[in-house]
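Taking it in order: structure first as structure tokens, then the write-up.
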Amino acid sequence: MEQLDPRISYRALQSRDPRFDGRLFVGITSTGIYCRPICPARPAKFENCRFFPSAAAAQEAGFRPCLRCRPETAPDLGAWRGTSNTVSRGLALIAEGALDGDDASVDGLADRLGVGGRQLRRLFKQHLGASPIAVAQTRRVLFAKQLIHDTRLPMAEIALAAGFGSIRRFNETFRQLFRRPPSAIRRKTVVALPEGSVAATGVTVRLRYRPPYDWPAMLSFLRARAIDGVERVDDSAYSRTVLQDGQVGTVEIGHLPEHESLVATIRFPSVRALPGIVARIRRVFDLGADVATIGAHLAQDPLLAPLIAQRPGLRAPGGWDGFELAVRAVLGQQVSVEAARRLAGRLVQLCGVAMPIELRSHAALTRAFPGAAQVAAADLKPLGMPNARKLALAALAEAALADPLLFQPLGTVEDTVARLRSIRGVGEWTAQYIALRAVREPDAFPASDIGLLRGAAGRGGLRPSPAELNGRAEPWRPWRAYAAQHLWAADAAASKAMPKEATHG
Ligand SMILES: [Zn+2]
């Protein structure tokens, strides 16, 4: 296990140091409870404390979550933990339910990640102090606990939403862990809603991040790319339509800076889709990143240091959906961000899924982004773009239909890029861009991107070649995606008043 120094950990606990929130959990042997380092309860004696790098490790050691500091609301830094990309990718798949359900197995998960089952268990133990099964189990329990606390969903729906196979399992797990039924954890003021309410009034959950978080930068990134009919960005919130497993709904995400959280309202007809939708929100808004650590690493390069000082809370926005992001990347080849946005709007008009009026949370949200099936079936002739790119769109849709795991994080970043490049019309830049945003590969780096090359040149500087930039970026590993985000932001700020040039080469 990654070493946690007990003395340092105890000092963090005594001072309620928020920098340790999300990466340190303390189990109290005298009570059997585990806490966040910021718990308002009086710190236990040193000899009664055991320290864990993850909630799952504390839970696997037999501790149950504190009802005061609520470990389920700690920032979830799992996705970018340590230097193991395999663990990061494994956690992303677990968050999407890879270990839920009867036929799920650690060996199956390891297979998808291109490692052996024993190696995966060893890596999880090393980086998180817990087994993959314990991580999945803890995730289910903590998500259920959050829904019990924060929403008015009926218990039966929470059991399904959190990925428990049955309500009986849900009740058993809670009784075992908390020595009381799930309903006893719910605050008295909360009243259960009737069934079907998730689609109408929605479920609202808070999602914590580790500060700093540059919310204005995130919103303006999303605003510049917002597709008419599918997305809407106003001064304080981002909304969009959701198409998942043939059903449609909406999400709306705002910012609660005083709580170091985003707040998401999800309206969707099936509660089983909730964890997957929450995982997508975490991905788009990059909630798992420890940007202070990443920034400290990147700032060692004098080119990046001033950029990081200027935007310490900058995140790397993810894609909502792998196929959607890949389509955006193809539409963005050789044209400006604005032109790509308009093309995407036309595609949505052509073959997007219409939102029933009663499900529109806002009048502007009229369609869901088309899936691969809709694009494959559509006549793309009316799209005003070169024929080669229409063929690339069609090839992308065919490839996504043939391989449902096409945009999953399988194998190394090089494997991912090679897999994507085998699709007609997908070159190195497009494949790296998809890896960065859709597969959430923190080390992806589209070195031939004109915006990156311009950003790396700085004001009046000489533009490097892609090979030169790749060489320069070598010490930025394993966070090159964040370096790219900073270079793009610098380029966007510098070129605001300048004539538009194609951003994507
Ligand atoms: Zn506590």
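Both backbone and side-chain heavy atoms feed into the values below; hydrogens, waters and symmetry mates do not. Every number for a ligand or one of its atoms is a count from 1 in the order of the listing.
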**Y209 ring center near H255 ring center (under 6.0 Å)** = yes
**Request:** Work out how many protein N, O or S atoms lie closer to the Zn ion (ligand 1) than 2.8 Å.
**Result:** 4
**Prompt:** What orientation do Y482 and W479 show, parallel under 30°, tilted 30 to 60°, or perpendicular over 60°?
**Reply:** perpendicular
**Request:** Applying salt bridge (Lys or Arg N to Asp or Glu O under 4.0 Å), name anything that partners D301, two or more places apart in sequence or on another chain.
**Result:** R472
**Message:** Centre-to-centre under 6.0 Å for F63 and F52, is that the case here?
**Reply:** yes
**Prompt:** With R280, which residues qualify under salt bridge (Lys or Arg N to Asp or Glu O under 4.0 Å), at least two apart?
**Reply:** D321
**Fill in**
Contacts satisfying side-chain hydrogen bond (donor to acceptor under 3.5 Å, both in side chains) that involve residues 169-182 (not counting sequence neighbours) are R168-E172
